[in-house]
Amino acid sequence: MTTETPPTAGPRTPTWPEEFAARYRAAGWWRGETFGTMLRERATAHPDRTAIVDPATDRRWTYGELDARADRLAAGMLARGIEPGDRVVVQLPNIAEFFEVVFALFRIGALPVFALPAHRETEIAYFCRFTEAAAYVIAAEHGGYDYRALAATVRAEVPTLRHVWVAQGEPGECTALDDVRADGEGPAELPAPAPQDLAFLQLSGGSTGVPKLIPRTHDDYIYSLRGSNELCGVDEHSVYLCVLPAAHNFPLSSPGTLGALYAGARVVLSPSPDPETAFSLIAREGVTLTGLVPPLALLWTQAAATTAHDLSSLDVLLVGGAKFSEEAARRVRPALGCTLQQVFGMAEGLVNYTRLDDPEEVIVTTQGRPISPDDEIRVVDDADDDLPPGSTGHLLTRGPYTIRGYWNAPEHNARSFTADGFYRTGDIVRLTDTGHLVVEGRAKDQINRGGEKIAAEEVENHLLAHPAVHDANVVGEPDPYLGERTCAYVILRPGAEPLKPFAMKRFVRERGLAAYKVPDRVEFVDAFPQTGVGKISKKDLRAAAAERPATP
């Protein structure tokens, strides 16, 4: 497994030059808010309004209750040695405690590191080791998987990991989150992070297989929430259904759960994304908007034709994470009776939306326009030269909520950012004459499987660890529901016993890789196609994968 060692000294990450920071403050994008004060203000203004609905446990927390719980948990964490700047890996499903934990960490100034429920030993051990995490927060079990066993393995590998807290279920050898909370109302005084301080670290995909950490500040991320709310019509009367994993950037901020909480709205947590579960919650809670990846959107539009649930409260369906095909996009309004809002963005920053009043043809054929007037967009060729309007090229961007560098990653930063601070997104796009972006593909060796980014190199490294494998290449192939799925081409060593595709999948899965990274298809071949200079031609492998009929 590829690893990186964090530096022992020096700045953790680049930040905005002061001239840009001053510009963004003067324009009113950065207003000096923090997540901790945001929740306190909402709880003070309307303490009895429902903030979080957790149907799996039949709980409804008001803003006042969420605020008080965050205070008590922050006090308990402080008493156990969690300090401002400490990193805490948070791997929770869609449960109310997710928000209690992250707002407690925001109050301290400690940094949540957002992990997904699908991550396993390979990813979690890396996150904990690279961030020098002080604590790890889990549910005991979820989806038939025991996270306590994972925590025990990781804790043995990471000497900085002092605490494992179980937010739901029997803690076993770990500590129950209930035992961490302080008694009473919480401390008289908590640390006060500054608006320009880091609020949390998100995870980026990437083409190398080494996840990069995305540092987001209170100021920049809250601006993205406020801007998203304005474009998506979110106010205190809105009801947002969180269907995707809560820690993912899309359901967190576009406008997501944090956008809904910023507006003083209600967040409903769906324990499952399937239509029956979600449709029931839409009808029961009067859900007004939600966000889906394209495969789920397709499933929902199909299921809507036969559902008995009343979906009339749903005003807006946001679809993002991967490109939504025009044909599928045209099905949304007839099937669900709501407005489609396409979303194209990245955890590093830039987010584009189609507008609610855009013509239908624009909504179904483009991926939207940027949130901010200060979002700078360049479409360039391979030499970074700007292309004429309407041309297809590499997307570069900078702006008031697009990071200036990854956390502790100088080599990545040298490749991913231009000298003047533009982020190389890795996306191939073109701009329409109305300023809308149309996504044409990816430049990096990365597969977008239903919104989950998979680095081909990472999966290849696991395949190559099999004693019978000589070489392996992983590419994406078209899939009508996922957008792309993974196909692994494998060459066996001379004299090796023949293997079945399921054996390779099982081998990769047993190495602790997240389930969505296990190849969807494995093809055994004698050789790989080559370019004119003798390099392996992934272009030809992709073409071959696209032409083959789907097989297990």
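This is a predicted model, so every value here is computed, not measured. Keep in mind that the numbers below use all heavy atoms, side chains included, and drop hydrogens, waters and symmetry copies.
Within the model, atoms CD1 of Ile403 and CG of Asp220 stand 9.0 Å from one another, a figure rounded to the nearest 0.5 Å. A distance of 10.0 Å separates CG in Leu464 from CD1 in Ile491, rounded to the nearest 0.5 Å. With rounding to the nearest 0.5 angstrom, the CG atom of Leu105 is 7.5 Å from the CG atom of Leu73. The line from CG of Leu396 to CG of Asp427 is 10.5 Å long, rounded to the nearest 0.5 Å. Here the CG-NE2 distance, from Asp526 to His470, works out to 11.5 Å after rounding to the nearest 0.5 Å. To the nearest 0.5 angstrom, Phe250 atom CZ is 6.5 Å from Leu244 atom CG.
Residues passing the side-chain hydrogen bond (donor to acceptor under 3.5 Å, both in side chains) test with His163: none are found, sequence neighbours excluded. Residues satisfying the side-chain hydrogen bond (donor to acceptor under 3.5 Å, both in side chains) criterion with Asn249, sequence neighbours excluded, are Gln202, Tyr221, Ser253.
Contact check for Asp382 versus His394: side-chain heavy atoms found under the 4.5 Å cut-off. A heavy-atom distance below 4.5 Å is not found between the side chains of Asp86 and Met77. Two residues are said to be in side-chain contact when any heavy atoms from C-beta on lie closer than 4.5 Å; Ile377 and Pro370 meet this criterion. Considering only heavy atoms from C-beta on, Val343 stays 4.5 Å or farther from Gln367 through its side chain. Two residues are said to be in side-chain contact when any heavy atoms from C-beta on lie closer than 4.5 Å; Leu318 and Thr290 fail this criterion. Within the 4.5 Å cutoff, the side chain of Asp385 has no heavy atoms near those of the Val380 side chain. Looking only at side-chain heavy atoms (C-beta outward), Phe344 and Leu395 come within less than 4.5 Å of each other. Using a 4.5 Å cut-off on side-chain heavy atoms (C-beta onward), Arg162 and Ile82 make contact.
Using cut-offs of 30° and 60° for the angle between ring planes, the His412 and Tyr406 rings count as perpendicular. Aromatic ring orientation, Phe130 versus Trp407: perpendicular (interplanar angle above 60°, classes split at 30° and 60°). Between Tyr145 and Tyr147, the two ring planes are perpendicular [angle over 60°; tilted spans 30° to 60°].
Under a 3.5 Å cut-off, the side chain of Thr160 and the backbone N or O of Ala133 do form a donor-acceptor pair. A donor-acceptor contact shorter than 3.5 Å is absent between the side chain of Thr397 and the backbone of Tyr423. The closest donor-acceptor contact from the side chain of Gln168 to the backbone of Ala139 lies at 3.5 Å or more, if one exists at all. In this structure, the side chain of Thr301 engages the main chain of Leu298 through a donor-acceptor pair within 3.5 Å. Formation of a donor-acceptor pair under 3.5 Å by the Asp54 side chain with backbone atoms of Ala96 is found in this model. Using modelled atom types, one side-chain atom of Arg216 and one backbone atom of Tyr401 make a donor-acceptor pair closer than 3.5 Å. For Glu484 (side chain) and Pro478 (main-chain N/O), no donor-acceptor pair under 3.5 Å exists by modelled atom type. The main-chain N or O of Pro271 is never found under 3.5 Å from a side-chain atom of Asn94 such that the two would form a donor-acceptor pair. In terms of modelled atom types and a separation under 3.5 Å, the side chain of Glu157 and the main chain of Ala125 share no donor-acceptor contact. Side-chain atoms of Arg430 never come within 3.5 Å of backbone atoms of Val439 as a donor-acceptor pair (strictly under, hydrogens ignored).
Figure legend: cation-pi geometry between Arg378 and Phe422, with NZ or CZ positioned under 6.0 Å from the six-membered ring centre and within 45° of its axis.
Closest approach of Lys453 and Tyr516 over heavy atoms only: O-CE1, 4.2 Å. When all heavy atoms are compared, the tightest approach of Ser204 to Glu348 is OG-OE2, 2.7 Å. For the pair Ile95 and Ala167, the tightest heavy-atom approach, listed with the atom from each and the gap, is CD1-CB, 4.5 Å. Considering every non-hydrogen atom in both Ser228 and Tyr353, the closest pair reads OG-OH, 2.7 Å. Between Ala278 and Pro273 the shortest heavy-atom distance is CB-O, 4.5 Å. Residues Val154 and Cys128 approach most closely at CG1-SG, 3.9 Å, considering heavy atoms.
When the options Val490, Leu463, Ile454 are evaluated for a side-chain contact (heavy atoms from CB on, under 4.5 Å) with Val474, the one that passes is Leu463. In summary, of the residues considered (Lys517, Arg509, Glu510, Arg511), a side chain to side chain donor-acceptor pair (under 3.5 Å) with His462 occurs for Arg511 alone.
The existence of a salt bridge linking Asp384 and Arg424 is confirmed by a sub-4.0 Å separation between a basic side-chain nitrogen and an acidic carboxylate oxygen. At a threshold of 4.0 Å, the pair Glu460-Lys538 counts as salt-bridged, since one of the basic side-chain nitrogens sits closer than that to a carboxylate oxygen. Between Arg87 and Glu132 there is a salt bridge, with a side-chain nitrogen of the basic residue lying less than 4.0 Å from a carboxylate oxygen of the acidic one.
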Show your reasoning for whether side chain to side chain contact (heavy atoms under 4.5 Å, CB included) applies to Phe324 and Val332.
CA-CA 11 Å; Phe324 199 28; Val332 170; 3.8 Å; yes
Steps toward side chain to side chain contact (heavy atoms under 4.5 Å, CB included) verdict (Thr13, Asn408)
CA-CA 6 Å; Thr13 181; Asn408 277 0; over 6 Å; no
Could you give me the CA-CA distance, side-chain angles and deciding distance for Thr175 and Val180, then say whether side chain to side chain contact (heavy atoms under 4.5 Å, CB included) is met?
CA-CA 8 Å; Thr175 301; Val180 179; 4.1 Å; yes
Given Leu482 and Asn448, is the side chain to side chain contact (heavy atoms under 4.5 Å, CB included) satisfied, shown in steps?
CA-CA 8 Å; Leu482 296 169; Asn448 189 336; over 6 Å; no
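Residue pairs meeting the ring pair (Phe, Tyr, Trp, His ring centres under 6.0 Å) criterion with at least one partner in residues 481-515, sequence neighbours excluded, are His466-Phe507.
Taking the six-membered ring for Trp, Phe114 and Phe98 have ring centres closer than 6.0 Å.
No more than 12 heavy atoms of other residues, nucleotides or ligands shown are found within 6.0 angstrom of CD on Glu173.
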